[in-house]
Chemist: 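Please see the structure below; I have some questions.
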Amino acid sequence: MLRERVSENVYWFQSEIYAQVTAGVIAGPQWAVVIDTLALPEETLAIREFIDSEIRVPVRYVVNTHYHADHSWGNCFFPGAMVVGHSLCRKEMLTRGVKALETARQNKQNNIYRHVKITPPQLTFDQGTLTLKVGKKNLILTPMGGHSRDGIAILVEEDRVLFAGDSFMPLPYIVDGSLEDTITSIKRISKMGLENIIQGHGDIILRGEIESAVRENLIYLANIKKAAKTAARRRNPLEYLDEISVEECGKSRVYLGGLAEGLHRSNLRALIRHMAAENARGSQKAATADDAIII
Ligand SMILES: [Zn+2]
């Protein structure tokens, strides 16, 4: 696992095993806050070990940016902490999360999850902001949808560091959320005057890189929207979409440890489903796919 100090008392962790998923720690004099808890117990435990040996304060709060397994399944390894998240995050963990863990356990080789227990947020909110004071720093929690409906972002106010969750990624992933909400979130993030964006996956974005990262993500989203619209008019929309590469839409396939092409495919197919659901029911909420739970 990679680790970096982002600013005073603010740490960043990145998985070297699964999709470059990230987590954070903000340390105060008496206790610490963990943001997201990674997918694999061995990496969650490595964060805990770092806190125990280097920071030497207990973890009082765990904040989940959203309910997906790779951000929340490590919650149970901080049994003394209160978990904080969106009210929908709690709901999704208790339904889809519990089911997904059962499925993962049925795979006998998947012994790694035997000690995992779904631990949903006990403290929830669904609009406005929630401020948590850690030492001298304010953590401002705010809903940030797009990647999923339960997304929240955490701003370390004094440092202008934003833990964006998956609303900001090297390749926007909208299968379990909405393309329009992702655009709204990215634009909102671009106006926050940030030093760093901590993406839910991938590397830390530095101040000088924010503008181009924002532009690239918005161009990508515009391109896949256009492709899906064109595909929807064809007799075989999926065949048409299979020809549209991630590069054509303005992104590199090497992003996210090579997962970018697969995520891109899922994005295009999801857009077709979202559009069909919108036409059928006037809503895209019913069109979420179960394969969205991991990333
Ligand atoms: Zn996610």
Side-chain angles (χ1 to χ4, degrees), residues 12-15 17-24 34-40 43-44 62-75 83-101 103-104 113 116 118-121 141-154 162-179 181-186 189 197-203 205 217 220-221 224 251 255-257 259-260 262-267 269-271 274 284-285 287-295:
W12 167 88
F13 305 84
Q14 185 189 63
S15 173
I17 304 172
Y18 182 74
Q20 297 178 335
V21 62
T22 67
V34 171
I35 298 177
D36 283 351
T37 51
L38 305 183
L40 300 163
E43 292 192 305
T44 311
V62 166
V63 181
N64 288 140
T65 60
H66 61 301
Y67 78 98
H68 290 167
D70 48 340
H71 300 263
S72 69
W73 280 14
N75 290 359
V83 182
V84 186
H86 197 290
S87 49
L88 284 174
C89 174
R90 178 177 170 81
K91 206 174 132 209
E92 299 279 29
M93 280 181 78
L94 288 171
T95 50
R96 298 171 78 185
V98 167
K99 237 172 74 190
L101 180 58
T103 309
Y113 293 122
V116 169
I118 298 292
T119 311
L141 283 56
T142 182
M144 193 69 77
H147 172 76
S148 59
R149 289 192 299 142
D150 69 331
I152 64 170
I154 300 96
L162 185 77
F163 286 86
D166 288 359
S167 60
F168 210 105
M169 286 173 69
L171 184 96
Y173 189 55
I174 52 91
V175 171
D176 193 23
S178 128
L179 182 136
D181 291 350
T182 305
I183 292 174
T184 305
S185 288
I186 291 171
I189 289 168
I197 300 173
I198 312 282
Q199 314 182 86
H201 297 258
D203 294 334
I205 301 176
N217 278 356
Y220 172 74
L221 290 167
I224 59 170
K251 286 282 182 184
Y255 284 157
L256 290 166
L259 289 178
L263 298 183
H264 169 67
R265 295 269 140 251
S266 305
N267 274 338
R269 285 166 177 260
L271 278 179
H274 291 180
Q284 56 181 246
K285 283 169 192 158
T288 54
D290 279 337
D291 63 0
I293 197 163
I294 298 297
I295 200 154

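One-based numbering, in listed order, for ligands and for the atoms of each. Note that the structure is predicted; figures quoted are calculated from it, not measured.
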Chemist: Looking only at atom types and distance, does a side-chain atom of Ser15 sit under 3.5 Å from a main-chain N or O of Val21, one as donor and one as acceptor?
Modeler: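 Such a contact is absent between Ser15 side chain and Val21 backbone.
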Chemist: To the nearest 0.5 Å, what is the distance between CG on Asn64 and SG on Cys89?
Modeler: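 Here the rounded value is 5.0 Å.
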Chemist: Is the distance from the Zn ion (ligand 1) to the nearest N/O/S atom of Asp70 under 2.8 Å?
Modeler: no
Chemist: Examine distances only and state if a side-chain atom of Asp36 and a backbone atom of Gly200 form a donor-acceptor pair shorter than 3.5 Å.
Modeler: no
Chemist: Please work out the angle at the Zn ion (ligand 1) defined by atom NE2 of His66 on one side and atom ND1 of His68 on the other, rounded to 10°.
Modeler: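 Seen from the Zn ion (ligand 1), NE2 and ND1 are separated by roughly 100°.
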Chemist: What's the OD2-the Zn ion (ligand 1)-NE2 angle here (Asp166, His147), rounded to 10 degrees?
Modeler: 80°
Chemist: About how many Å separate OG of Ser148 and CD of Glu92, when rounded to the nearest 0.5 Å?
Modeler: 8.0 Å
